[in-house]
Amino acid sequence: MSAVAQVIDVNAAAETEQELTDGFHLVIDALKLNGIETIYGVPGIPITDLGRMAQAEGIRVISFRHEQNAGNAAAIAGFLTKKPGICLTVSAPGFLNGLTALANATTNCFPMILISGSSEREIVDLQQGDYEEMDQLAIAKPLCKAAFRVLHAADIGIGVARAIRAAVSGRPGGVYLDLPAKLFSQVMDADAGAKSLVKVIDAAPEQIPSKAALDRALDVLKSAKKPLIILGKGAAYAQADEEIRSFIETTGIPFLPMSMAKGLLPDTHPQSAGAARSTVLKDSDVVLLIGARLNWLLSHGKGKTWGDAPKKFIQIDIEPKEMDSNVEIVAPLVGDIGSVVAALNAGVSSGWQAPPASWINEIKARKEVNIGKMSQRLLKNSTPMDFHSALGALKQVIKERPDAILVNEGANTLDLARGVIDMYEPRKRLDVGTWGVMGIGMGYAIGAAVETGKPVLAVEGDSAFGFSGMEVETICRYELPVTIVIFNNNGIYRGLDTDPTGRDPGTTVFVKDSRYDKMMEAFGGAGYHVTTPDELKKAVDEAMNSGKPALINAVIDPAAGSESGNIGSLNPQSIVKKK
Ligand code: ADP
Ligand code: MG
């Protein structure tokens with residue numbers, strides 16, 4: 001039967017007392033059939049009823065104040081669970097708000113599906129000015145992995161199945177699913193509807209590399225005098241934690257975690273080279289990348305950061321096109337990280353020669369110097385606090401609560417926290433990712449709390465927080481165990497900028513001495529205002545012990561930060577002075 005023929009005239013159906021279903025129910029049933037338990041979104045035309053009905057059918061529906069935050073929550077849900085996170089929005093403006101999160105998810109390789117209601121195709125395509133008229137499918141296409149539109153109720157099952165498979169198979173990413181308003185009220189026979197649904201089988205199939213590729217990689221690794229393993233967030237996503245730990249410990253090779261791979265093995269692990277990052281990047285001779293791209297975050301694999309020592313790169317990645325993207329990969333291992341590392345483990349199990357002691361000792365010595373220098377700065381009890389003294393307190397918090405999830409964004413707040421706060425467990429550090437984007441904070445915090453049930457500590461620059469700050473109401477409404485710490489230095493980078501003409505505030509400053517804690521109190525959460533590391537530690541402990549929403553306004557010296565954090569080199573500055 002054709003899709004159109006299956007759609008039944010409501011009146012005719014009523015006469016025959018046939019059991020019916022409609023677009024609303026079919027979307028919900030298709031999601032449920034595929035194990036989707038949560039939807040993140042913002043209600044409105046035409047998807048208000050879809051959200052209500054999904055909730056009634058047992059799906060958890062978390063309603064946000066802005067679609068970008070809902071989208072970020074869905075994206076991080078995808079990263080944490082390997083199932084696509086679902087974001088549901090209204091048409092045009094709501095869709096566009098969600099699109100930033102969809103593009104960010106795609107860039108970060110997080111599986112996510114943005115489902116947006118849309119206007120009537122006939123009117124949109126003739127550009128006759130419908131309510132929220134926009135060709136959403138065309139706009140979404142270049143910003144995600146795949147984009148689909150469903151026009152007939154009988155195709156909902158296939159549409160949802162394709163979206164799920166596209167999101168999680170191969171390199172994960174964002175998918176857009178366009179559902180025009182008219183689809184939801186289309187009615188069809190309930191049995192035929194049930195039969196039209198598709199349960200996606202083996203959505204992200206294993207991809208096992210060939211023996212030749214494995215042997216090639218092992219040979220290169222064996223030849224190394226100064227080997228290094230770099231773990232990226234793809235390695236964290238893969239949930240192959242035991243295989244990766246076993247590989248690293250069996251080979252004895254030092255490892256460097258990228259930001260969101262921290263905790264895959266504890267940062268305090270003797271083989272961690274985190275505190276000797278510059279040294280290992282410069283001096284290593286063979287580098288094995290596991291789920292990490294040689295993009296700007298790794299200086300594209302060349303230049304000053306990588307020093308003069310010749311390098312050979314081995315790369316494990318599920319995306320064949322990633323190989324040779326920046327430099328030659330002498331041993332590509334295309335496959336899923338779980339399968340590839342398991343196969344490598346089989347190859348290194350007996351008689352593997354540990355790296356030369358000189359290399360291990362070089363790293364150890366560098367680590368000791370750097371850790372020694374850092375610990376001095378962390379203990380400083382300055383008033384007002386600088387970033388380091390405040391982070392010293394938070395480092396201790398995560399040490400005592402290794403299962404808490406740390407969300408982190410800002411400029412200095414991000415750069416310094418990444419180095420200072422040790423992580424102990426996989427997928428506990430969630431941050432600005434590949435784009436270094438601000439605004440993920442509350443979305444990630446909510447998504448992480450909902451998906452894991454674990455306490456969340458969100459360490460936020462005052463500027464970064466502003467992008468998603470209204471979601472403190474959402475956190476209070478759903479009573480989530482989220483503790484937010486705002487590093488309040490009165491502005492972006494620093495709080496001291498002025499307008500040379502004397503007319504307005506400087507472009508990078510905010511209201512001086514703001515009390516962000518009062519925002520949380522407005523919605524029934526706990527607010528704290530702290531000025532010393534001891535007060536900060538005490539407030540965070542109290543808040544996290546309570547398991548209730550809390551926001552701590554931590555006063556930081558407005559002079560403490562540096563321009564653009566540690567990526568100041570990317571920020572062009574004019575040297576031309578106007579008279
Ligand atoms: P980081 O920023 O931490 O270095 P990236 O986001 O740059 O990490 O890289 C992650 C890489 O991991 C991507 O190239 C992606 O294709 C890859 N990846 C994601 N999931 C898997 C998986 N299950 N198996 C193999 N590679 C994966
Ligand atoms: Mg600031």
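Everything quoted here is computed from the prediction, not taken from an experiment. Both counts, for ligands and for their atoms, begin at 1 and track the order of listing.
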For [atom], what's the nearest protein heavy-atom neighbour? Residue, atom name and distance, please.
atom	result
atom 4 (O) of ligand 1	Met258 CG, 3.3 Å
atom 3 (O) of ligand 1	Lys233 N, 2.6 Å
atom 18 (N) of ligand 1	Gly234 CA, 4.0 Å
atom 24 (N) of ligand 1	Ile337 N, 2.9 Å
atom 23 (N) of ligand 1	Ala238 CB, 3.8 Å

(request) Of the side chain and backbone of Arg293, name the one, both, or neither that has a heavy atom under 4.0 Å from an atom of ligand 1. (result)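 Arg293 to ligand 1: contacts from backbone and side chain alike.
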(request) Using a 4.0 Å heavy-atom cut-off, say whether Leu298 meets ligand 1 through its side chain, its backbone, both or neither. (result)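 Within the 4.0 Å criterion, Leu298 makes no contact with ligand 1.
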Is any N or O atom of [X], backbone or side chain, closer than 3.5 Å to an N or O atom of ligand 1?
X	result
Ile318	yes
Asp317	yes
Tyr237	no
Arg171	yes
Leu297	no

(message) Nearest N/O/S atom of Asp462 with respect to the Mg ion (ligand 2), by atom name, please.
(response)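 It is OD1, the N, O or S atom of Asp462 closest to the Mg ion (ligand 2).
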(request) Please confirm whether Phe255 and His269 have ring centers closer than 6.0 angstrom. (result)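 Aromatic pair counts; centres sit under 6.0 Å.
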What atoms in ligand 1 come closer than 4.0 Å to a heavy atom of [X]?
X	answer
Gly335	24 (N), 25 (C)
Gly291	8 (O), 9 (O), 10 (C), 11 (C), 12 (O)
Ala292	4 (O), 8 (O), 9 (O)
Asn295	7 (O)

(message) So if I apply the side chain to side chain contact (heavy atoms under 4.5 Å, CB included) rule between Val220 and each of Leu288, Ile314, Asp215, which one comes out positive?
(response)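 The option that passes is Ile314.
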Is atom [atom1] of [X] surrounded by more than 12 heavy atoms (other residues, nucleotides or ligands) closer than 6.0 Å?
X	atom1	value
Leu570	CG	yes
Lys312	NZ	no
Arg515	CZ	yes
Arg162	CZ	no
Arg245	CZ	yes

(message) When you measure from the heavy atoms of Cys109 to every atom of ligand 1, does any distance fall below 4.0 Å?
(response)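 Yes, Cys109 has heavy atoms under 4.0 Å from ligand 1.
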(request) Work out whether the distance between some heavy atom of Ala236 and some atom of ligand 1 is less than 4.0 Å. (result)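 Outside the 4.0 Å threshold, so no.
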Flag, side chain of [X] to backbone of [Y], donor-acceptor distance under 3.5 Å:
X	Y	value
Asn326	Leu294	yes
Ser272	Gly274	yes
Lys311	Ser284	yes

(message) Are Ile486 and Ile552 packed together at the side-chain level, in the sense that at least one heavy-atom pair is separated by less than 4.5 angstrom?
(response)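 The answer is no; the side chains never approach within 4.5 Å.
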(message) In the structure I gave you, are the side-chain heavy atoms of Val485 and Glu460 within less than 4.5 Å of one another anywhere?
(response)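 When only atoms from C-beta onward are counted, Glu460 and Val485 do not touch, as no gap falls below 4.5 Å.
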(message) Closer than 2.8 Å to the Mg ion (ligand 2): does that hold for any N, O or S atom in Asn489?
(response)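 True for Asn489.
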(message) Would you say the Mg ion (ligand 2) has Gly491 as a near neighbour, meaning an N/O/S atom of that residue under 2.8 Å away?
(response)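 For Gly491, the answer is yes, given that an N, O or S atom comes within less than 2.8 Å of the Mg ion (ligand 2).
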(message) Under a plain distance cut-off of 3.5 Å, with no hydrogens placed, do Asn412 and Ser562 share a side-chain donor-acceptor pair?
(response)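 Indeed, the side chains of Ser562 and Asn412 share at least one donor-acceptor pair under 3.5 Å.
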